[in-house]
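First comes the structure, then the notes that go with it.
A note on names: the letters A, B, ... follow the listed sequences, proteins ahead of strands, and every chain is numbered from 1.
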Amino acid sequence: MTRLVGHLDLDYFYAQVEELENPSLRNLPVLVCVYSGRTGNSGVVSTANYRARELGVRSGIPIAFAKKRLAGTEAAFIRMDREKYAGYSERVMEILRENVDVMEQTGIDEAFFDITKRAGGSFEAGTEMASLIKSQVLQRERLTCSVGIAPTKISAKLASDFKKPDGLTVVGPSELANFMEPMPVEKLYGIGDKTAKALQGAGVVTIGDLARKDIPQLDDLFGQKMAVYLHNSASGEDDEPVQERGKATQISRIITLKRNSRNQDEIMTQLAPALDDVHKRVAEKGLFFRSISVIGILSDLSIRTRTKTLEAPTSDSSTLNRATSELLGALVGELGDLRRVGIKVADFEESKEQSSLSEFLR
DNA sequence: GTATGCTTTCGGC
DNA sequence: TTACGGCCGAAAGCATAC
């Protein structure tokens with residue numbers, strides 16, 4: 001049975017929210033930035049609106065670089081406000097949830113959904129539903145999004161990416177092969193620079209090239225698991241179901257140090273608010289964690305981590321602080337100066353009250 | 001060989 | 001000339017047990 005899978009992506013999300021709240025920004029280059037606090041311009045661009053993209057500024061580049069690129073224009077540099085965007089995101093996801101059979105949020109600004117049932121398997125009906133979702137998001141939240149409808153998750157994501165902003169692309173089963181074939185392989189989820197290079201060596205440039213390779217050929221290059229994944233993805237036969245995501249599996253916080261340092265006290269002082277924040281978020285959700293990691297980023301921006309797994313889950317802040325201190329010591333001992341440092345907790349269990357409740361219900 | 005668990009790195013947005 | 005965040009989930013890598 002052919003599925004109707006959808007993918008929704010909020011257009012240049014953070015920057016669009018800023019435009020929405022301040023319409024005078026609409027025709028300017030708008031950059032939502034993460035300021036690290038080290039120097040005035042230290043940090044990166046998180047999201048750029050389309051006007052800024054036309055001028056060569058995109059997400060991930062240093063703010064100082066963007067400043068140079070946009071010298072002489074009236075560009076708006078805006079500090080990122082994640083909580084604000086999360087509010088908009090939650091309301092949009094709720095609209096989506098009301099209109100689909102199953103939905104799977106995969107980021108703050110995107111989600112997969114399945115409408116096979118309520119569209120009765122019809123792509124015409126599916127198109128109407130996608131249209132309705134888009135207009136509800138626009139009416140209720142004043143935001144545009146791009147939506148794709150196709151038979152699988154991978155093809156739905158390609159479809160939402162096909163026309164943006166404010167796009168709606170529907171790819172029925174009979175059009176699927178022609179739609180995917182000409183696209184470069186790196187458009188496929190899970191194929192980055194490294195895999196794309198390796199594929200290019202084997203004469204594979206487009207998704208169509210990849211679909212024509214058989215599994216044994218790919219097995220030699222990438223191993224069996226990856227071979228099957230690549231083959232199915234490129235052939236439009238990926239069968240990953242759309243599934244509601246459960247609770248978060250990790251909670252982390254990373255900061256940039258005022259200056260590079262290997263001094264444990266100096267680092268712990270700056271890390272303390274992040275530790276408090278992580279502990280607060282864990283407590284709010286009633287979680288117990290068993291794994292604690294310290295993340296260190298060196299001056300060359302490479303990332304190193306050290307992890308400690310506890311005997312038993314805890315929510316105790318002094319345990320968190322002690323373990324962090326210990327892991328940090330190990331990390332700076334081996335690596336020397338750090339530029340940024342972070343803390344992560346994971347391997348969650350429900351709080352005792354909740355687990356006895358679920359036991360009782362069972 | 002296979003399943004499992006833990007640590008580290010990778011890659012998307 | 002250089003410039004450089006903060007999250008998340010999953011894969012990869014490795015060890016151990018059977």
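Scanning atom types as modelled, no donor and acceptor separated by under 3.5 angstrom connect the side chain of A:Lys68 and the base of C:dT1.
No hydrogens or angles considered: a donor-acceptor pair under 3.5 Å links the side chains of A:Thr144 and A:Gln16.
Nucleotides C:dG5 and B:dG12 are separated by 14 Å at their C1' atoms, to the nearest Å.
Taking the six-membered ring for Trp and thresholds of 30 and 60 degrees, A:Tyr50 and A:Tyr12 have ring planes more than 60 degrees apart, a perpendicular arrangement.
At B:dC13, none of the side-chain N or O atoms of A:Thr47 fall inside 4.0 Å of OP1 or OP2 (strictly under the cut-off). Listed pair A:Thr256 / C:dG6 meets the phosphate criterion, a side-chain N or O lying under 4.0 Å from OP1 or OP2.
Between A:Asp9 atom CG and B:dG12 atom P there is a gap of 14 Å when expressed in whole angstrom units. What separates CD1 of A:Ile292 from P of B:dT8 is a distance of 14 Å, to the nearest Å. To the nearest angstrom, P of C:dC4 lies 16 Å from CG of A:Leu31. Look at CZ on A:Phe65: it is 11 Å from P on C:dA3, rounded to the nearest Å. Between A:Leu310 atom CG and B:dC6 atom C1' the separation is 13 Å, expressed in whole Å. Atom-to-atom, CD1 of A:Ile108 to P of C:dC7 comes out at 11 Å; the value is rounded to the nearest Å.
Taking 4.0 Å as the cut-off between side-chain N and carboxylate O, A:Glu284 and A:Arg281 do not count as a salt-bridged pair.
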Using the ring-ring contact (aromatic ring centres under 6.0 Å, His included) rule, take A:Phe288 and A:Phe348 through it: C-alpha gap first, then chi angles, then the decisive distance, then the call. CA-CA 5 Å; A:Phe288 283 43; A:Phe348 295 127; over 10 Å; no

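Rounded to 10°, the helix from B:dG1-C:dC18 to B:dC13-C:dG6 has 30° between the axis fitted to its first five pairs and the one fitted to its last five.
For the pair A:Gln105 (side chain) and A:Arg245 (backbone), a donor-acceptor distance under 3.5 Å is absent.
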List the protein contact pattern of nucleotides 8-14 of chain C with one symbol per nucleotide (5' to 3'): B for base contact, S for sugar-phosphate-only contact, - for none; contact means a heavy-atom distance under 4.0 Å. BB-----

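Near-neighbour residues of DNA chain C inside residues 74-96 of chain A, defined by a heavy atom below 4.0 Å, number-ordered: A:Arg82.
Cation-pi geometry between A:Arg91 and A:Tyr88 is met: the NZ or CZ atom falls under 6.0 Å from the ring centre, inside 45° of the normal.
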